[in-house]
Amino acid sequence: MKRILILLLALVLCAPVQAQVGRFKHIKVLYPGYSLKLDTATGELSAVHYDTESDMHWEEVISPKQSHNHRQIGRYEFRRTRKVGTYQIFDTATGTYTTVKWRPTDKDGKEIEAQVDSAMTTMVDGLKRFVKGVEEELDKAF
């Protein structure tokens, strides 16, 4: 019985070691129609734009490869900062950070930040109205 228990315990502990980690990480951002893609082996960060009208997407490299010689899956990690549009790529092998600043542009070359600010303002206003309504309902109930 002890042997079976030890064998099962060893299998459970070894299973995560053999699990494969994906090379690419998909990162959601605040900008509608955009996401980021990190190559965890080389540190390359790309912006991916999805055009729902034409059902196409394209990529733009915003931070080139950090490592050309050592391609270890999972070496690079994505970190967010407090500033919108500023990100960091963390190299787990060396402990260094690379700061990346990126904001998408529309067809005219203007930053999309104004559109995001407008959407955020609309969301915040909606939440304020919702909270006010809940407060009024609570006041009526009590």
Exercise for review: Taking all non-hydrogen atoms of both residues into account, name the closest pair between Lys25 and Thr40 and its distance.
Suggested key: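 That would be CG-CG2, 3.5 Å.
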
**Study point:** Contact summary for Arg103 and Val84, nearest pair of heavy atoms
**Key:**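 In terms of heavy atoms, the two residues are closest at NH2-O, 2.9 Å.
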
Do [X] and [Y] touch side chain to side chain, with heavy atoms closer than 4.5 Å?
X	Y	value
Lys28	Ser35	no
Ile89	Glu77	no
Asp91	Gln66	no

Donor-acceptor contact below 3.5 Å, side chain [X] vs main chain [Y]:
X	Y	answer
Ser63	Leu45	no
Thr81	Thr86	yes
Arg79	Tyr97	no

What is the distance from atom [atom1] of [X] to atom [atom2] of [Y], rounded to the nearest 0.5 Å?
X	Y	atom1	atom2	result
Glu60	Tyr34	CD	OH	8.0 Å
Ile62	Lys37	CD1	NZ	12.0 Å
Asp39	Arg75	CG	CZ	11.5 Å
Thr42	Gln72	OG1	CD	12.5 Å
Thr98	Tyr76	OG1	OH	7.5 Å

Exercise for review: Give the C-alpha distance, both sets of side-chain angles, the deciding distance and a yes or no for ring pair (Phe, Tyr, Trp, His ring centres under 6.0 Å) between Tyr87 and Phe78.
Suggested key: CA-CA 7 Å; Tyr87 312 99; Phe78 180 83; 5.3 Å; yes

Check your understanding: Do you reckon Trp102 sits in the same ILVMFWY cluster as Leu38, going by side-chain contacts under 4.5 Å, direct or chained?
Key ->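 Trp102 clusters together with Leu38.
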
Practice item. Following the transitive rule for hydrophobic clusters with a side-chain heavy-atom cut-off under 4.5 Å over Ile, Leu, Val, Met, Phe, Trp and Tyr, establish whether Leu30 and Ile27 coincide in one cluster. Key: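 In one cluster with Leu30: Ile27, yes.
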
Show me the side-chain donor-acceptor pairs of residues 132-142 shorter than 3.5 Å, one per line, residues at least two apart or across chains.
none

